[in-house]
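Chain letters run A, B, ... following the sequence lines, proteins first, then strands; residues in each count from 1. The analysis underlying the following values was restricted to heavy atoms, covering all of them including side chains, and did not include hydrogens, waters or symmetry mates.
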2 protein chains.
Amino acid sequence: MSEFELIQRYFARNQPTSSAVTLGIGDDAAILQLPVGELLVVSVDTMVAGTHFLADTPAELIAQRALGAAVSDLAAMAARPLWYTLALTLPDVSESWLEAFAVALAQRSAELGIILVGGDTTRGPLSLTLTVQGSVQPGLALQRKGAQVGDIIAVTGTLGDSRAGLESLLHPQKATMADLDWLRQRFYRPEPRLQLAQQLAPLAHCAIDISDGLMADLGHLLQASQLGAELELTALPLSPALKNFSQDQQRLRDWALSGGEDFELCLTIPAANWAQAQALAASLAIPLTDVGRIIAAPTLCLLDEGQPVPLSQVRQGGYDHFRRIHD
Amino acid sequence: MSEFELIQRYFARNQPTSSAVTLGIGDDAAILQLPVGELLVVSVDTMVAGTHFLADTPAELIAQRALGAAVSDLAAMAARPLWYTLALTLPDVSESWLEAFAVALAQRSAELGIILVGGDTTRGPLSLTLTVQGSVQPGLALQRKGAQVGDIIAVTGTLGDSRAGLESLLHPQKATMADLDWLRQRFYRPEPRLQLAQQLAPLAHCAIDISDGLMADLGHLLQASQLGAELELTALPLSPALKNFSQDQQRLRDWALSGGEDFELCLTIPAANWAQAQALAASLAIPLTDVGRIIAAPTLCLLDEGQPVPLSQVRQGGYDHFRRIHD
């Protein structure tokens with residue numbers, strides 16, 4: 001099958017129509033119409049077999065994971081999804097793989113309100129690059145910079161689930177099947193917090209999505225804002241399924257802090273807006289948890305019930321190298 | 001080196017400023033301002049080591065080739081380049097490789113008038129995905145569809161050079177060093193026909209860039225337009241360097257027809273506009289050659305001095321399978 005036939009057969013069919021898509025899949029480039037008066041928001045994410053997912057992962061899960069992770073960057077900017085391109089590198093052409101992949105991708109795209117407008121298929125080791133685009137009204141994008149001293153550091157949803165889901169795939173665990181299914185779903189099917197981010201945008205100072213882990217991503221936010229933070233470990237939101245997964249509290253805390261790939265949001269919100277922010281989150285049934293404060297000193301201080309955590313208790317290779325985040 | 005440090009060190013520095021780039025490299029996404037009243041044009045291209053370039057290709061040549069090839073799709077739409085994202089997958093972090101790559105990429109970006117606004121770096125087998133974006137005024141984009149019976153089929157530049165350049169890398173050839181350098185340059189450093197395409201847009205009916213070879217790409221154009229073509233083999237523009245490269249005329253013709261990766265443009269232009277189109281090309285010192293005509297019958301007929309080429313003379317695996325291009 002030629003690249004041309006492959007694109008026609010699997011990706012060009014059943015595309016939703018949109019007045020914004022003047023020309024979609026099948027030409028040298030797509031032609032698109034940005035909503036008048038809005039700014040374009042662009043992010044790119046690559047997933048490589050063996051690095052970001054196990055090589056034998058079912059095609060539909062690869063599609064769901066890649067699209068959810070990519071669109072999460074639009075949520076982090078409080079942008080509204082518009083369209084995306086897919087660069088798909090495959091070691092060989094398996095029609096059943098492509099069929100499962102394309103069907104899952106189309107379904108998840110519809111759920112997330114984003115349209116595939118172009119792509120490139122090449123031969124090589126399995127990997128995907130998605131360039132997702134959205135729009136935002138001027139002044140309403142949430143960036144990494146802009147935090148202010150005293151801001152509440154808030155995270156959406158729960159943390160560490162995705163890491164536990166991966167762990168359960170790598171090593172069989174003693175846990176109920178319902179918990180395992182839920183945790184693996186958290187790994188395979190990221191849920192970008194699009195609607196909540198757009199609603200919180202006027203109330204928050206900045207945001208980042210948690211892809212590398214809360215410690216690392218909060219570190220990026222602090223570096224961009226040239227500030228520091230106190231993070232209360234006992235406040236980290238852990239799901240019931242995660243708590244059931246392991247009795248090792250330190251391990252769960254590590255995963256919540258630096259497991260990564262939760263694709264929840266970390267926002268900083270001025271205290272005056274906190275009640276309103278919580279009400280918005282509650283109306284969408286999404287947990288929004290106060291986990292710390294922005295401080296002036298350029299350090300990230302971990303607290304355990306308000307007391308600084310001694311360095312000796314911070315695991316090597318965990319998050320200690322993030323303690324001093326910038327000079 | 002972390003991904004964050006890598007991006008900061010090699011890609012975020014020395015970025016040109018532009019009023020269109022509200023937020024560039026370093027956040028969850030870039031924020032961009034499309035020229036008022038224009039449409040967005042988006043294309044994605046992946047290059048994989050071992051498939052699209054030899055694994056030991058110098059980093060600066062990989063950068064030049066990937067960017068030129070990607071931007072060529074914008075030229076094919078008659079779009080003006082704006083910005084792009086880079087997804088770079090590397091087996092390991094070599095600082096000297098990254099330095100050479102980033103410097104060449106920045107230089108070629110400046111020459112082509114396009115700005116790097118974001119990216120993703122991942123670990124895995126070497127590959128690059130560039131998503132290039134540009135803008136075009138409504139109604140002035142050149143698409144693959146829109147050809148009309150009687151249109152002149154025109155190609156820019158010369159064909160087959162890139163294939164000869166690759167051949168000289170794979171197999172040492174008897175040729176002058178000056179010719180080899182020039183042919184390899186044609187392979188490594190595609191020159192998107194941006195300016196000419198924008199000037200020809202009001203005169204032409206449609207266009208495609210020649211990445212898969214003239215036969216295949218003209219085939220795509222004919223399929224989109226639901227028409228056919230006569231192609232005069234003796235009219236194919238061959239460079240002096242290509243003619244010096246081999247005495248095998250059939251081989252050179254094959255490369256011109258299906259060697260691919262010339263990244264020249266194939267356009268269809270109504271005869272009434274041909275003189276003006278030629279004058280525009282001449283003013284930019286770019287050859288624009290009449291190589292055939294659009295016909296109503298849905299076939300691609302090869303002519304040799306006006307006489308149909310017998311099927312027996314068409315090489316197996318060359319271009320015979322493209323003769324009947326659609327039903």
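Residue-environment remark: CD (B:Gln195) stays at or below the threshold of 12 foreign heavy atoms within 6.0 Å.
For B:Leu221, no part sits under 4.5 Å from any heavy atom of chain A, backbone or side chain. Both the backbone and the side chain of B:Thr46 have a heavy atom closer than 4.5 Å to some heavy atom of chain A. Heavy atoms of B:Ile31 lying under 4.5 Å from chain A belong to its backbone as well as its side chain. Residue B:Ala49 does not touch chain A at all, counting heavy-atom pairs closer than 4.5 Å. Using a 4.5 Å cut-off between heavy atoms, B:Val48 touches chain A through its side chain atoms alone. Of the atoms belonging to A:Gln133, it is side-chain heavy atoms, and not backbone ones, that fall under 4.5 Å from chain B. For A:Ala79, no part sits under 4.5 Å from any heavy atom of chain B, backbone or side chain.
Note that CH2 of B:Trp83 is 6.0 Å distant from CG of A:Leu40, once rounded to the nearest 0.5 Å. The SG atom of A:Cys206 sits 10.5 Å away from atom CG of B:Asp28, with the distance rounded to the nearest 0.5 Å. Taken to the nearest 0.5 Å, the NE2 atom of A:His52 stands 10.5 Å off from the CZ atom of B:Arg123. Atom-to-atom distance recorded for A:Ile208:CD1 and B:Asp27:CG is 7.0 Å, nearest 0.5 angstrom.
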**Message:** Could you go through B:Thr85 and A:Val42, starting from their C-alpha distance and side-chain angles, then the distance that decides it, and tell me whether this counts as side-chain contact (heavy atoms from CB on, under 4.5 Å)?
**Reply:** CA-CA 8 Å; B:Thr85 59; A:Val42 179; 3.7 Å; yes
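With chain A as the partner, the residue from B:Ala87, B:Pro138, B:Gly50 showing the most heavy-atom pairs under 4.5 Å is B:Ala87. Per-residue heavy-atom pair counts under 4.5 Å with chain B were compared for A:Gly124, A:Ala30, A:Ser43, and the maximum is reached by A:Ala30. Of all the listed residues (B:Asp217, B:Asp209, B:Leu34), the one sharing the greatest number of non-hydrogen pairs under 4.5 Å with chain A is B:Asp209. No other option in B:Thr89, B:Thr22, B:Leu23 has as many heavy-atom pairs under 4.5 Å with chain A as B:Leu23. Residue with the most contacts toward chain B among A:Thr129, A:Thr51, A:Val136, A:Leu74: A:Thr129 (heavy-atom pairs, distance under 4.5 Å).
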